[in-house]
Every structure is written in structure tokens, then in C-alpha cells.
Amino acid sequence: MPFLHAAWTVKHKPKSTVEIIGNPSAIKTLCDWLQSWNKGIPKKRAAFLYGPPGVGKTVSVEVLAHDLGMELVEKNASDYRTEDAIKRFAGLASQYASLFGGKRIILLDELDGLMGNADKGGVKAIINIIKTARSPVVLIANNAYDPRFRTLRSYCLLIDFKKPNSSSIAKRLHHICTREGILADEDALKFLAQRSGGDVRSAVIDLQALAQGKKNLTYNDVSWLAYRDRQESIFNVLKMIIYGRTSYGAKQAVNMTDVDIDMLFEWIYENVPEHFTDPHDLVQAMDALSMADVYRGKIRASQDWSFTRYVIDYMSAGVAMARQNSKVQGWIPFKFPSRIMMLSRSKAQRALRKSIGLKIRRKCHISAARASAEVMPYLRIIFKNDVHNAAGIAKWLDLDEEMIEYIVGNKAKAGQITAFLH
Amino acid sequence: MLHRKEYRVLSFEMWAEKYRPKQLEDMVDQKTIVERLTSFVKARNVPHCIFAGPPGTGKTTAALCLARDLYGEGYREHLMELNASDERGINVVRETIKTFARSRSIGEIPFKILILDEADNMTSDAQQALRRTMERYTETCRFIMCANYSGKIIEPIQSRCAPFRFAFLPRVEHDNYIKHIAKCENVQLLPDGLEAIFEVSGGDLRRGINTLQGAASTNKPVDAKLVYSVTGKASPSDVQKMLITAISGDFSGARKQLRDMLQKYGVAGVDVIRQIHKEIFKAEIPELLKMKLLTITGEIDYRLVEGSDEEVQLSALLARLVEAGYEMKKLS
């Protein structure tokens, strides 16, 4: 069964202004302006908050509304913003107060999305709202200096939100970890904070993807993120593949990332099970990955890289088209390929295994790989049962103490065996 | 005391090696092959050869015996053993193999022997490069390529080699060999124990001997129960447990178990699928579903050989089992 989780960006949303990272003066300006409405309508009836994504623009408005006891009425990119839709909304703004007697804040979020035919006349309608507003109107966009907003700007109090520094983001991440009962390395959090580039939201999303369900978070757990594509995060690519509706779209997603094909394969392979809940869909998706792997095998055997296109077809379009009945409830985070983590953790062990395999090969005329797969299990049994016999075989194979311990899996027993050797 | 200990310690080795035939005439089976190889020794000439057949049927042994019969006890100096799964790249062909192949042999036989084990694991590039080397240095070096599937060796090489097909040992030969070892090593081997060894080894003599040695190390009489417990431990897999996890609907859990088997315990993918195949037959599921799963197992076994990642292939099979479990729940 898949585990459903609440997004940490929601769960750990700041509840008061002190919890918001950075931008104290911007928040103060906004607060003062909102309070000035108590003394009558100010000169600027709208505030225009702008700044890069994930720095706390929306959350500042939400928190202040709560603190000042104001009702928040919100429209964002998911709503249509044709002139008509906004005019209907404008009615609310022209009234003095909400039903409960308190003031209202009219919030128009994600204005950057305002464009094209669907939002035709939108800017003009917004200006009309502002002109007649009897409640504070707050506009939010990434870039207030977009030419489309030129006329709009003169009606607004412009408030600039800047990227918070990474050490305060790290502090916030630490706070979240504490609340989630996760013991996190300072290095790991610093790394996450730095690579977020000031985007607190993405840092929290990354943190959840990596740390959820764990007791500890180490630098090793996060350092692989350095490989992550800078332009289009792997999570977006995964979303486009695993939830792709067209085979073409899913295939295109592969081109959007710098992650190499094998690594992307691992990401998809790791995340397919929890996102394909219907057993028939799961079969189709896994079958597509199996076919992709068959072509990888062909490439390896023939060194003919032209087969790569089929690997891509199967792992992207093949997986996307597997979705027939699976419905996803809630937010399931994408997870880092655990296989890769396991591989890097067991590196030393595998090296030891290989060297034992090579020792066996010298005597038994089989490859090191088959030696460790076929002979080692029997060695383990013999070593466990018969110390004396084990010592003889260890000598014959020229195994050292570390190897003996690996085979027998028990330090005390390994000691007994080596005692026989000296 | 110390001396005795030392002496006893030195006398141990893996029985599969201790009882590996030393000369062609010691070989218990593959009679027609042995006859032809013996005739090569008599003629003091050996063509390039392909030894094809399943594991544990005596391919490497035959090659080593041939060399020993040909060169005598100092055969090691005229022989090179390479394993393509360990060194499969083209560089091995370019460097190691070429250097060995072109240097002249000292002694009465003008050529050396190169045994290339698991040759079907070579990339086709490396095989192409090998083809020229084989031709050019025929005077100084003869190749014996051992492979499970001769089909994976490229045509031009096949056409340059004398093919030999090794089959699994017949039951009688297998049993005689195991009994012989048991007698020499003072192991009390019971009839049902012998039966069980054949059942788990499936005619793979190396596996059979290893199983015997593992069971004997308990110092108990070797019966069927002991053999099964030893082989169960040899693949701590617990394939059955994994299948139950899958059929109950927990794909991720089953995949985790599979991963542990492959990565932590180093169980070979082919062994896992072999056991899955067995378990499906035994399982209490509707006959029609059983047939469906067996068909898929065959398909995945094929992909396992063709593909590059055992876990990916086997987990595709696990997904099928999850689906089967789901269908069964719907039926009941």
C-alpha cells in the first residue's frame, strides 16, 4: 500500500510573521499599509508584492491577515481571469467589510500567469477593481516590471521580496526536522539550503522527499542532489513521465533533464510502484521498464547505441501509457532511487566480496562473479559448521582475516578460524 | 601437536577442486567428447574449439585435462585461463590475449592453449577483435572457448572452431561421482540424501559436490532434510517468502526482499527464477493462472539473459504475481 503524506510545505507553513524567513522590512511595510486602512482609505489602494518564487510572498499575506484578524479572499492562477470573472470578483472588493464585520484582503496571486486569451482584459479589470476598492487589494507576481504591468504599477505600493540567505533557510529546515523527529546533519541542511538558491519552498520539498520517514539525515543522503538538473528538476521530469497523458509528452520529458539515461531509469524504476496503485497498471509499467532494460542489454552486448531510442520509448512513453485505472489520492513524494544509495553504502562490502571471488577464481576455475554467487554460500556453511575445515580451506584459498570474517559473518567465529591458521 | 595441526590444516580444499579429473581418461562422462579430445592429444594437434553447455558439465575440466595430457605436468606454462565475465572488454583481447597468443612456445608442441571461459559474456566488439587474433596467431596459439550458449558467440568465430556440446550428466553418472566422493571423505550419505542432491543440483556436478560438502560439514549423516536445509541456507533468498509477499499485494516489499537477495547475499538471478519456476508449480493457485504465470516466467527468464539488470527483470515478474494475487482475491 502506498503511504500518503501531507506536504511539508503545508504542514510546516509559518503561523506567525516571526516564523517567516527574511524580508523583515518588506513585511513591516506591508503590515503598516494594511493597518493604515483602519484610518481610512490610503493613497494607494493596492500593494504589489514581487520577487522570485518560494521566498514567502503569499505566506506573508496569509500570516498578516490572520494576525490582523482580516478575512482573505483569494484568486490565483488556477482560476480563470477573464475580464468577466474578475468583475464578478470586484464586487467583493467594493464592499466595506466581510460578513463578520472584519476587514477583507483581496488577494490576486500568481499574476505572472495572467496572459493569453483566457485572461484577456485582465489587467484592465484589475485596475478597475483597485480604483473602486474599499478593502486592501494585494497583487503578487514574480516580476512587477513585466511590460504588461506597466499601467498597473502606478496604482500600487510596490514591495520587493528578496531571497533569504541560505543560513536562515538551513535554520528553518532544522526546525522542521526537529518537529518531524529527524536528526539531521548540519552539513546536509546547509547543502539543501544552498542549492535551493533562496527558494524556501523548494528546499522544504526537497527535504521532505529525502528525509521523510527517516530517523537520520546525513550529508550522503543529500549530496547526490548535486547531480540534479538545474533547469528542470528531476521531480518535474518524473511527474511528466509517471503522470504523462501523451506518449509524446512523456518522451519529451526525457530531453528536459541532464540526468543521464541510466540514472533517470533508476528514478522511474524506484517510483513506479507507489504511483501505479492498480495492479494491472503496475504490470504494464514494470513490463515497459523490463523491455527498456532488454534494449539496454542489447546496447551493452552490441555497443550499438542506436537502440537507445527504444530504451527511452519504453521507460518514458511505455510507463506513461501504463496508467489506466490508477488514481492517486494525496501527495506522494518522489523518492531517490534507494538502490543507488544501497550500492554506495555497500561499496566496501562489494569490493571485499569481489576480492574473495578473485581468490576463489584462482583455485576453482570460475569467474569471480560466479564464485561469489555459487561457491561463497557453501563456504559460509562450511565455515560456520566446522572451524577446523574452515581454516584449511581459508589457507588453501589464501584468505585474510577480514575475508574470513565476511564469509562467516561473525567476528568470534572468524577469530577461532584464524587461530588455527597461526 | 602443532605439527599435526599444521598438517591437517593443509589437507583441506573445496572438494569440487580436489576431485576434479586430472586427465581425460578420468572424466566420467561426455564419452564422445573425451574420445575426440584424446585423439587430438595423440595427433599432438588441437583445433580452435568451442565447448558449449550448461554449467557444471565439465567444460573447463575437459580443457584443463586436455592441456595436461598434451603438455604433461608443466602444462601451466603453456596455458592461459581467462574468464570473459571478469574481463569482457575489448582491451583484454587487444592486450592480454594478443600478447599471449603471438609469443612462441618453447617445447615440442609449437602452440599454446588459451582457455576463454564464459566466452558468451564477451561483447561482440571484443569477439570481432578476437576473430582476427585467432586467425593470425593460429600457429602459436589455439583457443578453447567455453560458453553456456554457443548462440551468443558470433558466427565468424563459430565457423573457425570445432564445436563440442556438453550435456548435463545423466543421473547414474552424477550419483556415482557423488557417492565416490562421499566414500573418500568418509561421509555417511543416505539414499534420500543423494536423491535430494540430484534434485537441487539438476545435474550440475559442481553444485552437487558443493552441496555435499556443505552438508557434510555439519558432521551428521547426509539425508534429504539436511541437504534441503543446506541449500536453503546457500540461497538465504527465501524465494517462497518473497512470492507470498508479492501475491499478498505488497510489491514494494517483495522488491525489497529481491534486492536483498541479489545485492546482500549475491544470489544469482537465474537461481532466483529457477526457484520461482519451481514454486509456481507447487503453489495452490488455479491451474489456468498457473499456466499464465509459467508462460511469463519463461518470458522473463529469456529477458534476464538478454537484458542488463537482474532486479529490473525479476521485479517485472513480481508485478505479475501481485496482479495474480489481486485476480485471485476477486475470484474468491
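All heavy atoms count here, side chains included; hydrogens, waters and symmetry mates do not. So that the names make sense, note that chain A is the first sequence line, chain B the second, and so on, each numbered from 1. Note that the coordinates shown come from a computational prediction; the quantities given were computed from them, not determined experimentally.
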> Who among A:Leu289, A:Asp293, A:Val283 has the most heavy-atom pairs with chain B under 4.5 Å?
Replying inline: A:Asp293
> Should the ring pair A:Tyr310 and A:Phe307 be called parallel, tilted or perpendicular, given that the plane angle runs from 0 to 90° and is split at 30 and 60?
Replying inline: tilted
> Checking heavy atoms, do the side chain of B:Gln127, its backbone, both or neither come under 4.5 Å from chain A?
Replying inline: neither
> Are B:Arg303 and A:Asp287 ion-paired here, with the side-chain N under 4.0 Å from a carboxylate O?
Replying inline: yes
> How many angstroms lie between CG in B:Leu116 and CG in B:Asn83, if you round to the nearest 0.5 Å?
Replying inline: 8.0 Å
>> So if I take each residue of residues 311-326 of chain A and look for any heavy atom under 4.5 Å from a heavy atom in chain B, which residues do I end up with?
In response: none
> Can we say A:Asp262 and A:Arg296 salt-bridge, meaning some charged N sits less than 4.0 Å from an Asp/Glu carboxylate O?
Replying inline: yes
>> Given heavy-atom pairs under 4.5 angstrom as the criterion, report whether the side chain, backbone, both or neither of A:Tyr295 touches chain B.
In response: neither
> Among A:Ile299, A:Asp386, A:Leu358, A:Val294, which residue forms the greatest number of heavy-atom pairs with chain B at distances under 4.5 Å?
Replying inline: A:Val294
> In terms of heavy-atom proximity below 4.5 Å to chain A, should B:Thr211 be classed as side chain, backbone, both, or neither?
Replying inline: both
> Which bit of A:Met291 comes within less than 4.5 Å of chain B, counting heavy atoms only: side chain, backbone, both or neither?
Replying inline: both
>> Please output the residues of residues 313-323 of chain B in contact with chain A, using a heavy-atom cutoff of under 4.5 Å, in numerical order.
In response: B:Gln313, B:Ser315, B:Ala316, B:Ala319, B:Arg320, B:Val322, B:Glu323
> When A:Leu397 is tested against each of A:Leu379, A:Ile404, A:Val375 for side-chain contact (heavy atoms from CB on, under 4.5 Å), which residue passes?
Replying inline: A:Leu379
> Taking only residues two or more places apart in sequence, or in another chain, which ones meet A:Glu270 in a salt bridge (charged side-chain N to carboxylate O under 4.0 Å, His left out)?
Replying inline: none
For residues 359-366 of chain A, dump all side-chain donor-acceptor pairs below 3.5 Å to protein atoms at least two apart in sequence or in another chain.
| from | atom 1 | to | atom 2 | distance (Å) |
| --- | --- | --- | --- | --- |
| A:Lys359 | NZ | A:Asp398 | O | 3.2 |
| A:Lys359 | NZ | A:Asp398 | OD2 | 3.1 |
| A:Arg361 | NH1 | B:Asp86 | OD2 | 3.0 |
| A:His365 | ND1 | B:Glu81 | OE1 | 2.8 |
| A:His365 | ND1 | B:Glu81 | OE2 | 2.8 |

